[in-house]
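Below is one structure; the comments refer to it alone.
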Amino acid sequence: MREIAQAADLLDWYDRHARVLPWRTPPAERLAGVAPDPYRVWLSEIMLQQTTVAAVKDYFLAFTSRWPTVADLAGAEDADVMAAWAGLGYYARARNLLKCARVVTSEHGGVFPRDHATLLSLPGVGPYTAAAISAIAYDDPQTVLDGNVERVMARLHDEHTPLPAAKPVLTDYAAALTPDQRPGDYAQAVMDLGATICTPKRPACGLCPWRPACAAWHNGTAAELPKKSPKKRKPTRQGIAYLARRVDGAWLLERRPDQGLLGGMLGWPGSDWAETPPVEAPPIRAEWKTLPAEARHTFTHFHLILTVKTALVPMERVPDRGEFVPLEEFSPSDLPTVMRKAFDLTRGGA
DNA sequence: CACACGTGGGG
DNA sequence: TCCCCAAGTGT
């Protein structure tokens with residue numbers, strides 16, 4: 001007879017094994033009455049969307065150091081926030097981050113709302129993040145359902161229906177387990193379990209506090225769950241990036257439109273990216289030279305091969321597109337990774 | 001529901 | 001090299 005999974009068993013495990021993270025209030029501190037800062041909870045949750053803990057850490061420390069409160073962030077320049085987010089990916093998050101900070105500051109007095117529906121209405125806050133803020137910041141018994149929880153629930157119940165069709169039933173399983181006591185620690189505990197024990201490949205079932213209750217473990221199916229619908233292959237697109245350096249060292253850059261890929265980010269003027277060969281579209285009249293190596297980069301849904309062209313242009317020459325950014329105002333770290341790769345190619349870098 | 005949307009690390 | 005994956009959201 002299989003045991004029933006209990007939230008208390010997971011909380012016991014979490015009290016002993018909770019990871020120390022910059023945005024986390026450890027269970028001992030919570031127990032002592034320390035309340036998490038909703039701003040830091042929200043910021044971390046936005047950064048962690050589809051992004052690993054390792055990738056987020058430095059960005060979280062940089063953001064909270066530079067903008068300690070939501071009001072500080074709300075008062076920041078758009079360009080500064082986009083530059084600070086550069087390299088983290090999914091740049092719509094950064095645009096919505098600023099929008100959200102400004103709404104919270106101007107319409108909620110700088111206090112993050114606690115009500116689920118109000119949280120859901122904030123830019124960049126969906127069902128998962130709204131529940132996470134309620135649970136982690138305010139210790140309200142909301143059910144969080146992220147990729148970790150989906151995996152843990154699919155295994156606990158040996159659920160073979162593929163995602164995303166299985167999501168409703170997995171939500172029910174997760175809701176049934178959510179405790180009234182310590183829901184904030186519990187939410188983080190399930191996600192920690194998924195991130196460290198109940199991993200996508202080679203789960204460490206021998207260390208799992210819920211193993212006695214796990215149907216997939218009993219059936220030997222844990223490693224193959226959750227099932228997912230097959231993914232499509234990525235096509236390869238090609239394009240041209242034009243890196244113009246003025247004789248005084250200024251670089252010709254262009255702010256990308258808010259909508260679409262790398263929206264709101266700084267980048268090199270260039271051609272469209274398509275599966276067919278790009279048409280020439282230099283942003284300024286010059287003697288363009290093609291670099292011997294191409295920049296290769298993979299986005300969520302396509303591979304890109306980027307031909308990099310460079311030119312040195314005189315002071316008085318006026319560009320058709322973009323603006324020259326003075327050398328002292330330019331940092332390659334302000335660029336999204338694909339644009340930084342193109343820049344690195346001009347520095348003898350492979 | 002399906003797709004767009006980034007990046008870096010691991011197997 | 002290539003595919004998978006990571007604390008999802010918006011359209």
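Below, chain A is the first sequence line, B the second, and so on; all start at residue 1. Atoms considered below: every heavy atom in the structure, side chains included; atoms not considered: hydrogens, waters and symmetry mates.
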Is it true that A:T178 and A:T143 share a donor-acceptor pair across their side chains at a distance under 3.5 Å? yes
Of the listed nucleotides (C:dA6, B:dT7, B:dC5), which one gets closest to any side-chain atom of A:P200? C:dA6
Under 4.0 Å between any heavy atoms, over every strand shown, what does A:V125 touch: base, sugar-phosphate, or nothing? Just pick one. sugar-phosphate
NZ/NE/NH1/NH2 to OD/OE distance under 4.0 Å, A:E29 and A:R24: no
Answer yes or no: does a side-chain N or O of A:R340 lie under 4.0 Å from OP1 or OP2 of B:dT7? no
Mind checking if A:S44 touches a base, just sugar-phosphate, or nothing, with heavy atoms under 4.0 Å? nothing
A:F299 has a side chain; which of C:dA6, C:dT9, B:dT7 sits nearest to it? B:dT7
Could you state the interatomic distance from CD (A:Q142) to CD1 (A:I136), rounded to the nearest 0.5 Å? 12.0 Å
Interatomic distance, A:I46 CD1 vs C:dG8 P [rounded to whole Å]: 11 Å
Taking B:dT7, C:dT9, C:dA6 as options, the one with an atom nearest any side-chain atom of A:Q49 is C:dT9
Could you tell me the separation between the CG atom of A:L122 and the P atom of C:dG8, rounded to a whole number of Å? 18 Å
Just checking A:T51: base, sugar-phosphate only, or nothing, at a heavy-atom cut-off of under 4.0 Å? base
What is the distance from CE of A:M47 to C1' of B:dG8, rounded to the nearest Å? 16 Å
Once you apply a heavy-atom cut-off of 4.0 Å, does A:G263 come out as touching a base, just sugar-phosphate, or nothing? nothing
Indicate whether OP1 or OP2 belonging to C:dG8 is found under 4.0 Å from a side-chain N or O atom of A:Q50. yes
Any donor-acceptor pair under 3.5 Å linking the side-chain atoms of A:Q181 with those of A:Y186? no
Considering just the side-chain nitrogens and oxygens of A:T298, establish if one lies under 4.0 Å of OP1 or OP2 belonging to B:dT7. no
Residues two or more places apart in sequence or in another chain: which of them pass side-chain hydrogen bond (donor to acceptor under 3.5 Å, both in side chains) with A:T64? none
Sequence neighbours excluded, the answer for side-chain hydrogen bond (donor to acceptor under 3.5 Å, both in side chains) partners of A:R30 is A:D185
Would the base of B:dG6 count as contacting A:T300 through its side chain, where contact means a donor and an acceptor less than 3.5 Å apart? yes
Between A:W67 and A:Y39, does the ring pair (Phe, Tyr, Trp, His ring centres under 6.0 Å) criterion hold? Intermediate values first, please. CA-CA 10 Å; A:W67 300 295; A:Y39 168 63; 9.5 Å; no
Here the residues of residues 77-96 of chain A within 4.0 Å heavy-atom distance, strictly under, of DNA chain B are A:G87, A:L88, A:G89, A:Y90, A:Y91
Establish, with yes or no, whether the OP1 or OP2 oxygen of B:dC3 is under 4.0 angstrom from a side-chain nitrogen or oxygen of A:H301. no
Report yes if a side-chain nitrogen or oxygen of A:T337 is closer than 4.0 Å to either non-bridging phosphate oxygen (OP1 or OP2) of B:dT7; otherwise report no. yes
Under 4.0 Å, heavy atom to any atom of DNA chain B: which of residues 178-185 of chain A qualify? none
Start at the 5' end of DNA chain C and walk down; is the nucleotide closest to A:M191 or to A:Q259 reached first? A:M191
Under 3.5 Å donor-acceptor, A:W42 side chain and A:T129 backbone: no
State which of C:dA6, C:dT9, B:dT7 makes the closest approach to the side chain of A:Y128. C:dT9
Can you tell me how far P of C:dG8 sits from CD1 of A:I133, to the nearest Å? 14 Å
Determine whether the aromatic ring centres of A:F299 and A:F302 lie less than 6.0 Å apart. yes
Please enumerate all protein N or O atoms sitting under 3.5 Å from an N or O of nucleotides 1-4 of chain C, with distances to 0.1 Å.
| from | atom 1 | to | atom 2 | distance (Å) |
| --- | --- | --- | --- | --- |
| C:dC3 | OP1 | A:R233 | NH1 | 2.6 |

Pull out every residue in residues 9-28 of chain A that has a heavy atom closer than 4.0 Å to any atom of DNA chain C, ordered by number, or say none. A:R19, A:L21, A:W23, A:R24
